[in-house]
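Below is one structure, written out as structure tokens; comments come after it.
When reading the values below, keep in mind they use all heavy atoms of this one structure, side chains included, and skip hydrogens, waters and symmetry mates. Model, not experiment: these values are computed from the prediction.
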Amino acid sequence: MNKILLIIQREYITRVKKKSFWIASILVPFLIAAVYTIPVLLFVNSDDSRNVIVLDDSKLFKGKLNSEGDYTYIYSEKTLEEAKKDLKKSNDDIVVHIEKDILTNPKGVQILGKKTVGIGTQHAIQGKIQNELRNIKLKNAGIDLKVLEDNKINVDAQTYTLNEDGGEKSSNSGGAMILGGIFGFLLYLSAFLYGSQVMNGVIEEKSNRIIEVVVSSVKPFQLMLGKIIGVGMVGLTQFLLWGVLTFTASTVTSSIMSGKIEEKVQAKVKAGLSKDEIKKFEASVKSENPLNSISDAIENVSLGKMIFCFILYYLGGYLLYSSLFAAIGSAVESPSEAQQFMFPVTIPIILSFILAQFILQKPDSPIAFWASIIPLTSPIDMMVRLPFGVSNWEIALSLTLLILGFIGTTWLAGKVYRVGILMYGKKPSWKEITKWVFYKG
């Protein structure tokens, strides 16, 4: 036991002391914070106000294209040629020319800008004209627009989840998808990243012949187990650092964003915007920030349960796959030789990630259930399902099978490892590796 602890200590300290470990541990949380902070700040600080000169040859739109949001509509009696010349000299941004036959010719609208007209601006102006055309046609057909407006209803459904005791709690499917996707991706990443570290460590020690000295003092299985646990602890340490630093960075950036948003709201109030327009702006900012959806999802799940399950599934999935990676590393002498043996091991990892995309859409489907129960796919796919609500018995069954799975793969890998680490000068085949499993001694 002391020998295994020494190996664990060596593997852990060696990797934690590396500069690359600390660079990744510190840099990643701030990159994550930047991913959702920068778009929101750009949205809040952007000044998209546009002065739109309207040339209405049809005489149907005067007084109807009301200024709102970032667009100020100014009617002009100039000709199109005059407006084009004046646009270059003026502070106006866009000229919109509406032709006489607009009622029968929907393509009779031209939008000219000092610079290339963005797709958002094009859609905003088109939508405004389209709505007014619709109202004009309805009025010409004798349909009362006020009746239509009074009967226009926007349904905003609230979703709830029923508890086992019959109670109900609010749910947020969008936030659950984001939260499940994050946890699933982290486990997908850990299976490749830390499993590959174990394999590359074994290959390096084998190619340097260090392994021959080490196995004279410890059993091959002890060496493999110590290496796997040591690298696994490095992974847990890195996840802990990511969690703490991401929370810290998110708290700081959220306070900065709140201040910027409040400044923008006050500026819009001073500009004389209506309450409805200010509410639209605040809703737009909220939709730009994925943290709002994530925080709503966290409120509706047990965060302690999520973290506890994440640790268990990380350990189970890591032990299962890292033991197989260690066996591959022991059987080869270079990373290039390992490629042919890695493919069958990586197929379940890739498959579980593909299935996760489907599970995010249908978390209660039979495919989602079995993907979260089978040990080869459960570490990733169960974590994807958890934010949507999973019964305790399903979690217990999944973890039990996962434990049995990594015990089986560790035993199998140990059989291969004890023979493979002392094999040199020969490229083994699958048939030969299978024979190693049944060697006695």
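Annotation: side chain of I395 is in contact with side chain of L386 (closest heavy-atom distance under 4.5 Å). L6 places a side-chain heavy atom less than 4.5 Å from the side chain of Q9. Side-chain atoms of F406 and I403, non-hydrogen and from C-beta on, do get closer than 4.5 Å to each other. Inter-residue side-chain proximity for I125 and I94 is flagged as met; some heavy-atom pair is nearer than 4.5 Å. The shortest distance between side-chain heavy atoms of V198 and Y194 does not fall below 4.5 Å. Within the 4.5 Å cutoff, the side chain of P379 has heavy atoms near those of the L402 side chain. The shortest distance between side-chain heavy atoms of Y417 and M224 falls below 4.5 Å. You'll find the side chain of M383 reaches within 4.5 Å of the side chain of C309, heavy atoms only.
Residues I359 and A371 approach most closely at CD1-CB, 4.1 Å, considering heavy atoms. Here the closest non-hydrogen pair linking L376 and P348 is CB-CB, 3.9 Å. Taking both residues in full, the closest heavy atoms of P375 and L401 are given as CG-O, 3.3 Å, listed atom of the first, atom of the second, then distance. Pairing each heavy atom of A368 with each of P363, the nearest pair is CB-O, 3.4 Å. Scanning all heavy atoms of the two residues, the minimum distance from S330 to V202 falls at N-CG1, 3.6 Å. The heavy-atom pair separating I228 from S322 by the smallest distance is CG2-OG, 3.2 Å.
Partners of S365 by side-chain hydrogen bond (donor to acceptor under 3.5 Å, both in side chains), not counting sequence neighbours: none found. For I328, the side-chain contact (heavy atoms from CB on, under 4.5 Å) partners at least two apart in sequence or on another chain are M199, A338, F341, M342, V345. Every residue two or more places apart in sequence or in another chain that forms a ring pair (Phe, Tyr, Trp, His ring centres under 6.0 Å) with Y188 is listed here: F192, F353. Applying the ring pair (Phe, Tyr, Trp, His ring centres under 6.0 Å) criterion to Y318, with sequence neighbours excluded, gives Y314. The side-chain hydrogen bond (donor to acceptor under 3.5 Å, both in side chains) check on Y313 picks up S398, with sequence neighbours excluded. K305 pairs by the side-chain hydrogen bond (donor to acceptor under 3.5 Å, both in side chains) definition with N392, not counting sequence neighbours. The ring pair (Phe, Tyr, Trp, His ring centres under 6.0 Å) test applied to F310 returns F183, F239, not counting sequence neighbours. For Q126, the side-chain hydrogen bond (donor to acceptor under 3.5 Å, both in side chains) criterion is met by Q122, not counting sequence neighbours.
With rounding to the nearest 0.5 Å, the separation of CG in L404 from OG1 in T409 is 10.5 Å. The line from CG of L355 to CG of L360 is 11.0 Å long, rounded to the nearest 0.5 Å. Here CD1 of I374 is found 7.0 Å from CH2 of W370. Values are rounded to the nearest 0.5 Å. Between L397 atom CG and I373 atom CD1 the span is 4.5 Å, to the nearest 0.5 Å. Between the CG atom in L320 and the CD1 atom in I407 there is a gap of 11.0 Å [rounded to 0.5 Å]. Between N131 atom CG and R134 atom CZ the span is 7.0 Å, to the nearest 0.5 Å.
No donor-acceptor pair closer than 3.5 Å links the side chain of S196 to the backbone N or O of L193. No side-chain donor-acceptor contact under 3.5 Å links W242 to the backbone of I26. Between the T14 side chain and the E11 main chain, no donor and acceptor come within less than 3.5 Å of each other.
Applying the side-chain hydrogen bond (donor to acceptor under 3.5 Å, both in side chains) test to every pair with at least one member in residues 16-30, sequence neighbours left out, gives these pairs: S25-Q238. Within the structure, the salt bridge (charged side-chain N to carboxylate O under 4.0 Å, His left out) test picks out no pair touching residues 180-195 (sequence neighbours left out). For residues 375-386, the pairs satisfying side-chain hydrogen bond (donor to acceptor under 3.5 Å, both in side chains) are S372-R385, R385-E394, with sequence neighbours left out. A salt bridge (charged side-chain N to carboxylate O under 4.0 Å, His left out) check over residues 349-358, counting only residues at least two apart or in different chains, returns nothing.
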Checking V54 against I74 for the side chain to side chain contact (heavy atoms under 4.5 Å, CB included) test, could you report, in this order, the C-alpha distance in whole Å, the side-chain angles of both residues, the deciding distance, and whether it holds? CA-CA 6 Å; V54 180; I74 303 167; over 6 Å; no

For V96 and I53: C-alpha separation, side-chain torsions, deciding distance, then whether side chain to side chain contact (heavy atoms under 4.5 Å, CB included) applies. CA-CA 6 Å; V96 175; I53 303 299; over 6 Å; no

Between L315 and L236, is a side chain to side chain contact (heavy atoms under 4.5 Å, CB included) present by the stated rule, with each step listed? CA-CA 9 Å; L315 290 173; L236 278 177; 3.9 Å; yes

Could you please spell out the steps behind the side chain to side chain contact (heavy atoms under 4.5 Å, CB included) verdict for Y321 and I349? CA-CA 9 Å; Y321 281 106; I349 304 175; 3.5 Å; yes

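Of the N and O atoms on the side chains of T237 and Y12, at least one donor lies less than 3.5 Å from an acceptor on the other residue.
The number of heavy-atom neighbours closer than 6.0 Å to CD of Q130, taken from other residues, nucleotides and ligands shown, is 12 or below.
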